[in-house]
Protein chains: 2
Amino acid sequence: MRIGEFAEAAGTTAKTLRFYEEQGLLPPPDRTSSGYRDYPPDAIARVDFVHRGQAAGLTLAQIRQIVDIRDAGHAPCAHVRDLLDARLRDIEQQIAQLTALRDTIANLRDDAAHPEPETCSADQVCRYV
Amino acid sequence: MRIGEFAEAAGTTAKTLRFYEEQGLLPPPDRTSSGYRDYPPDAIARVDFVHRGQAAGLTLAQIRQIVDIRDAGHAPCAHVRDLLDARLRDIEQQIAQLTALRDTIANLRDDAAHPEPETCSADQVCRYV
DNA sequence: CTTGACCTTCCCCTGTACTGGAAGGTCCAG
DNA sequence: CTGGACCTTCCAGTACAGGGGAAGGTCAAG
């Protein structure tokens with residue numbers, strides 16, 4: 001299977017597949033005599049795994065850690081648990097920060113609902129921010 | 001006031017001040033005869049405005065739009081309201097996405113709490129993701 | 001035999017907000 | 001007069017996940 005067809009089957013682009021290979025996420029496929037990449041159909045599972053990892057909010061570097069452990073012949077379960085835990089903590093923190101930011105902006109916005117341009121001095125640029 | 005002293009007074013670094021100037025956020029200050037930047041103390045208000053804009057989640061490009069309006073002699077109130085509204089919508093959306101992602105990951109993590117490495121096939125790399 | 005679709009490698013570009021460092025000029029104290 | 005602290009400009013790089021496009025090779029159909 002050549003890269004274009006494989007990319008479409010895997011729901012991505014040829015460019016991205018070459019990039020994943022370069023990043024160590026996909027094993028380099030065989031080449032035809034003319035140098036074209038020749039993918040086995042079951043390599044799609046690996047691309048799907050990368051996509052699921054991304055959907056879980058993992059970076060490509062983290063996904064690579066997992067596939068490296070698997071390719072070294074081990075089950076990556078423990079590492080995956082650690083990654084998911086860390087990601088969960090990050091996300092909780094991001095949500096907390098965004099929530100605080102939302103409240104801050106909502107307050108600024110409320111102030112700005114009563115336009116009093118004359119009280120804006122050029123010094124402070126804008127009295128609402 | 002030379003850049004180092006001014007930077008400290010404004011709570012930032014000389015490098016950052018040159019960057020802000022290059023980005024059009026700060027007006028180019030006068031220069032001494034030897035070419036050193038010479039800041040008037042009241043320029044600190046402009047730096048503070050940039051910092052407040054950042055605290056409100058605005059990008060430097062957006063802050064620049066505001067100061068450009070102000071420097072053109074207009075009150076930026078209406079534009080500021082639009083920016084704050086847009087930012088608020090973005091943040092609400094980000095929070096919703098992160099909340100959904102958190103639930104997804106929490107579920108994956110729960111699955112991974114019961115380790116069954118033997119059911120992980122090398123094909124799927126990891127059955128938890 | 002040629003056309004067009006596909007493939008290869010290569011390098012640069014995107015956006016964000018800076019940071020690091022090199023090469024050289026300036027200023028002040030000792 | 002010399003050393004060190006400060007300043008100048010310019011170039012390059014950071015993290016992230018690719019995208020754009022050039023120059024050239026390959027393959028199948030008409």
Side-chain angles (χ1 to χ4, degrees), chain A residues 1-26 28-39 43 46-67 83 86-87 90-91 94 97-98 101, chain B residues 1-26 28-39 43 46-67 83 86-87 90-91 94 97-98 101:
Chain A
M1 218 179 189
R2 293 197 308 190
I3 197 169
E5 190 188 356
F6 182 74
E8 192 169 8
T12 184
T13 67
K15 208 89 180 175
T16 298
L17 290 174
R18 292 192 200 98
F19 174 70
Y20 284 176
E21 180 182 331
E22 188 190 313
Q23 299 300 306
L25 291 162
L26 300 182
D30 289 342
R31 300 288 183 127
T32 66
S33 56
S34 59
Y36 286 15
R37 285 176 181 78
D38 187 22
Y39 290 91
R46 179 60 79 93
V47 180
D48 283 347
F49 177 75
V50 174
H51 288 161
R52 288 199 306 279
Q54 287 191 299
L58 300 179
T59 65
L60 294 186
Q62 292 173 325
I63 296 168
R64 191 198 161 148
Q65 291 173 6
I66 300 174
V67 304
L83 285 176
R87 195 75 192 94
D90 279 2
I91 291 176
Q94 283 181 49
Q97 282 175 4
L98 282 177
L101 183 55
Chain B
M1 216 177 191
R2 293 196 310 190
I3 197 169
E5 191 189 353
F6 182 75
E8 193 171 6
T12 183
T13 67
K15 209 91 182 176
T16 299
L17 289 174
R18 291 192 200 99
F19 175 71
Y20 284 175
E21 180 182 332
E22 188 190 312
Q23 299 300 306
L25 291 162
L26 300 182
D30 289 343
R31 300 289 183 127
T32 66
S33 57
S34 59
Y36 286 14
R37 285 176 181 78
D38 187 20
Y39 291 91
R46 181 60 80 91
V47 180
D48 283 346
F49 178 75
V50 174
H51 288 160
R52 288 199 305 277
Q54 286 192 300
L58 301 178
T59 65
L60 294 185
Q62 292 173 325
I63 295 169
R64 190 198 163 150
Q65 290 173 9
I66 300 174
V67 302
L83 283 177
R87 194 75 192 94
D90 279 2
I91 290 177
Q94 282 182 48
Q97 282 174 5
L98 281 177
L101 184 55

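Chain identifiers are assigned alphabetically (A, B, ...) following the order of the sequence lines, protein sequences preceding nucleic acid strands; residue numbering begins at 1 within each chain. We use all heavy atoms of the structure for the numbers below, so side chains are in, but hydrogens, waters and symmetry mates are not.
In this structure, A/Glu22 places its CD atom 11 Å from C1' of C/dT9, rounding to the nearest Å. In this structure, B/Met1 atom CE and D/dC6 atom P are separated by 14 Å, rounded to whole Å. Taking atom CG of residue B/Asp38 and atom P of nucleotide C/dC27, one finds them 12 Å apart after rounding to whole Å. Remark: C1' of D/dC16 and CD of A/Gln62 are 12 Å apart, rounded to the nearest angstrom. Rounded to an integer number of Å, the gap from CZ of B/Phe19 to C1' of C/dG20 is 15 Å. As a whole-Å value, the separation of A/Leu25 CG from D/dA17 C1' is 11 Å.
Taking every heavy atom of both residues into account, B/Pro29 and B/Asp38 meet most closely at CB-O, 3.7 Å. When all heavy atoms are compared, the tightest approach of B/Gly11 to B/His51 is O-CE1, 4.0 Å.
A residue-by-residue look at B/Arg2 and B/Thr13 shows that B/Thr13 has its nearest nucleotide of DNA chain C further toward the 5' end. Residue-to-nucleotide proximity on DNA chain C shows that, of B/Lys15 and B/Leu58, the 5′-proximal contact is made by B/Leu58.
Side-chain atoms of A/Tyr20 and base atoms of D/dG18 include no donor and acceptor less than 3.5 Å apart.
Among D/dG18, C/dT8, D/dT8, the nucleotide with an atom closest to any side-chain atom of A/Arg37 is C/dT8.
Heavy atoms of B/Gln54 sit under 4.0 angstrom from primed sugar atoms or phosphate atoms, though from no base atom.
Considering OG1 of A/Thr32 and CZ of A/Arg37, their distance stands at 10.5 Å, rounded to 0.5 Å. Here the CD atom belonging to B/Gln97 is positioned 9.0 Å from the CG atom belonging to B/Leu101, to the nearest 0.5 angstrom.
Checking the phosphate oxygens (OP1, OP2) of D/dA17, no side-chain nitrogen or oxygen of A/Thr16 falls inside 4.0 Å. Residue A/Ser34 has a polar side-chain atom (N or O) positioned under 4.0 Å from OP1 or OP2 of D/dC27. Using a 4.0 Å cut-off, no side-chain N or O of A/Arg18 falls inside it from OP1 or OP2 of C/dC11.
In A/Glu8, the CD atom is not crowded: 12 or fewer heavy atoms of neighbouring residues, nucleotides or ligands sit closer than 6.0 Å.
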